[in-house]
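Computed from a predicted model, the values in this text were never measured in an experiment. Convention: sequence-line order gives letters A, B, ...; per-chain numbering from 1.
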There are 2 protein chains.
Amino acid sequence: MTEQAATTGAGAEPAATARGAQTRQLILDTALRMFKEHGYAATSMRAVAREAGVAVGNAYYYFPSKEHLILRFYDDVQAEHRAAAAPVLAGSTEFADRLAGVLHAGVDTNAPYHAFATSFFKVAADPDSPLSPFSAESAGARQASIALFAEALDGSTIKVDAQLREELPELMWLAYMGVILFWVHDRSPGQRKTYLLIDRAAPLLARLITMSRLPVLRPLIREALDLLRHLRHRT
Amino acid sequence: MTEQAATTGAGAEPAATARGAQTRQLILDTALRMFKEHGYAATSMRAVAREAGVAVGNAYYYFPSKEHLILRFYDDVQAEHRAAAAPVLAGSTEFADRLAGVLHAGVDTNAPYHAFATSFFKVAADPDSPLSPFSAESAGARQASIALFAEALDGSTIKVDAQLREELPELMWLAYMGVILFWVHDRSPGQRKTYLLIDRAAPLLARLITMSRLPVLRPLIREALDLLRHLRHRT
DNA sequence: ACCCCTCCTTGAACGCGTTCAACTTGAGCC
DNA sequence: GGCTCAAGTTGAACGCGTTCAAGGAGGGGT
């Protein structure tokens, strides 16, 4: 369950021999440990190389940039997120609860890293960065995350307009990105405002989604979905 | 009209003598010109100093960081935005037109810098950066921008729930930030997808806002506004 | 044994943003 | 003129991410 979503999107990074694969793994493990201990910005490539006992150029032989080193981190966090969300997905069929539960789990999973989430959030915000949640490189973790929201939806008893239902998992993921954006800026103690947002917005969204089948709102929804489809694809 | 919103939020940067003020202005002008010509990331502090005929340390005597140099840029762009929005604000009383017009004007104003907007968008996304649209340092430009949306609302004939009306200018500004976020990621030629988003989402929002007075939606709006008020303030 | 040749590894070097101890400038005062 | 002192100015230096020419390691072919 934790292994299924390896970073396959990024293409072949060199590791042709056993020796190579070993060095690669050593560098990756060292870097991830140091990122978790001291944060992204505070961990220099020189420090990673020193700690791993290799030359700094060697790290760049396996990873195109410091940013790429953290991509694996995404997969780790995603797997943790899934695990943390499992109880609520097994325990309730109420849409609002399931959505709030998955969002809660997501924030909880990221919570230990809030202090330095800031320092790599800025690089994740760069559209050209592989760390961008919209990038091709992070497609693996993104798809896994969207699947998690699809699961939250499918296991619920909520009645949803058929066309909306199709797009909803991705929209829920987008809302999750919004929550993360809020969370990164949230300076309240323990980021309790983020939890307030989740707990109160989830029932609101559930009611809005239920209402999507009402004659007054249906044309609006249709129009919005049509727009969404026009905007989604690249170019 | 263009001068009223000077960067007063940032506090006193040194310029006690006439000579000092002159050097300060020289560095600022040089930097802004080079940013516009070559982009933010491609313009180094050394290059700015060389071009301005001063030492790099001198630039840091007047500006705490490279980021602070671009703050003035925000005010410039904001003033341009206001000017570009003037025609539509004078010409229509339809809310959707006015909102779309102001958003259009905003994107148009930023359009020349799309290529390198990317390179300082990442620093603007950092919550701790003075360049963040939510920062204290950019409060001046932000307030001016919100005022522009208030103007768009006030000059329209739309009927809005009284409580919603109070929050709407800030919500419109927030939507504008969302549009900018989309625009930065928009790789379609001429960013035409961003314009599509504006032109189709504005009437949608107008209809949704009009509906906010309907009995079905009113409780939802009230709940959402209450949540918003809880979330707004720091801490 | 020797030579290839690919894979891997090295560390000095580059340009960046930023810092700081040392220096110069010039107005106000005697 | 000479002194003082804050304001302004300098450029070498630091650590950063990243690059690259140079060289080692080791398996296969002869």
Side-chain angles (χ1 to χ4, degrees), chain A residues 11-28 30-32 34-35 38-71 73 116 118-120 122-124 126 128-131, chain B residues 11-28 30-32 34-35 38-71 73 116 118-120 122-124 126 128-131:
Chain A
E13 283 142 347
T17 70
R19 175 167 62 119
Q22 196 175 332
T23 307
R24 192 196 136 83
Q25 197 59 46
L26 173 63
I27 292 168
L28 187 58
T30 307
L32 257 46
M34 294 181 75
F35 286 158
H38 312 110
Y40 179 74
T43 305
S44 72
M45 291 299 280
R46 281 169 181 80
V48 171
R50 197 185 323 118
E51 198 91 353
V54 300
V56 8
N58 204 359
Y60 280 93
Y61 180 75
Y62 291 104
F63 303 93
S65 76
K66 187 183 175 187
E67 301 181 6
H68 280 81
L69 267 170
I70 223 177
L71 263 176
F73 197 77
F116 69 89
T118 275
S119 69
F120 73 79
K122 58 187 302 185
V123 351
D126 181 352
D128 294 327
S129 167
L131 285 180
Chain B
E13 283 140 347
T17 70
R19 174 168 62 121
Q22 195 175 332
T23 307
R24 192 195 136 84
Q25 197 59 46
L26 172 64
I27 293 168
L28 188 57
T30 307
L32 257 47
M34 293 182 77
F35 286 158
H38 312 111
Y40 179 74
T43 305
S44 73
M45 291 299 280
R46 282 169 180 79
V48 170
R50 197 186 321 119
E51 197 91 351
V54 301
V56 288
N58 204 359
Y60 280 92
Y61 180 75
Y62 291 104
F63 303 93
S65 76
K66 188 183 175 188
E67 301 180 6
H68 280 81
L69 268 170
I70 224 176
L71 263 176
F73 197 77
F116 69 88
T118 274
S119 70
F120 71 80
K122 58 186 300 187
V123 352
D126 182 352
D128 294 328
S129 166
L131 286 178

- Establish, yes or no, whether the cationic atom of B:K66 lies under 6.0 Å from the six-membered ring centre of B:Y40 and within 45° of the ring axis. yes

- Using only side-chain N and O atoms of A:Y60, determine if any of them is under 4.0 Å from OP1 or OP2 of D:dT18. yes

- Item | Nucleotide C:dC16, atom C1' - distance to OH of B:Y40 in whole Å | 12 Å

- Message: Quiz question: going by heavy-atom distance under 3.5 Å, is there a donor-acceptor pair between the base of D:dG15 and the side chain of A:R46?
- Response: no

- Task: Test A:Y61 against A:T23 for side-chain contact (heavy atoms from CB on, under 4.5 Å), laying out the working first.
- Result: CA-CA 10 Å; A:Y61 180 75; A:T23 307; over 6 Å; no

- Pairwise side-chain contact, B:L28 with B:F63, heavy-atom cut-off 4.5 Å (strictly under): yes

- Task: Give the nucleotide from the list D:dA7, C:dT18, D:dG17 with an atom nearest to the side chain of B:R19.
- Result: D:dA7

- Task: Could you work out which one of C:dG11, C:dT18, D:dA7 sits closest to the side chain of A:A55?
- Result: C:dG11

- Under 4.0 Å between a side-chain N/O of A:Y62 and OP1 or OP2 of C:dT9, yes or no? yes

- B:V56 and B:M45 have their tightest heavy-atom pair at CG1-O, 4.0 Å

- Item | Atom-pair distance (CE on B:M45; P on C:dC14), nearest Å | 23 Å

- Using a cut-off of strictly less than 4.0 Å, decide whether A:S44 has a side-chain nitrogen or oxygen near OP1 or OP2 of D:dC16. yes

- Query: Mapping B:G53 and A:E67 onto DNA chain D by nearest heavy atom, which one lands closer to the 5' end?
  - Reply: B:G53

- Query: Is the shortest side-chain N/O distance from B:T17 to OP1 or OP2 of D:dA6 below 4.0 Å?
  - Reply: no

- Message: On the nucleotide C:dT9, are OP1 or OP2 found under 4.0 Å from the side-chain N or O atoms that A:Y61 carries?
- Response: no

- Which whole-number value in Å describes the distance from A:F35 CZ to D:dG17 C1'? 12 Å

- Query: When the distance from NE2 of B:H38 to P of C:dC16 is rounded to whole Å, what number comes out?
  - Reply: 13 Å

- Task: Give the rounded distance in Å between these two atoms: CZ of A:F63 and C1' of D:dT19.
- Result: 18 Å

- Specify the separation, in whole Å, of atom CD of A:Q22 and atom P of D:dA25. 16 Å

- Message: Under a 3.5 Å threshold, yes or no: a donor from one side chain and an acceptor from the other, between A:E51 and A:T30?
- Response: no

- Query: Would you say D:dG8 has OP1 or OP2 under 4.0 Å from some side-chain N or O of B:N58?
  - Reply: no

- Would you say C:dT9 has OP1 or OP2 under 4.0 Å from some side-chain N or O of A:T23? yes

- Query: Which residue, B:V54 or A:A42, contacts DNA chain D at a nucleotide closer to its 5' end, judged by nearest heavy atom?
  - Reply: B:V54

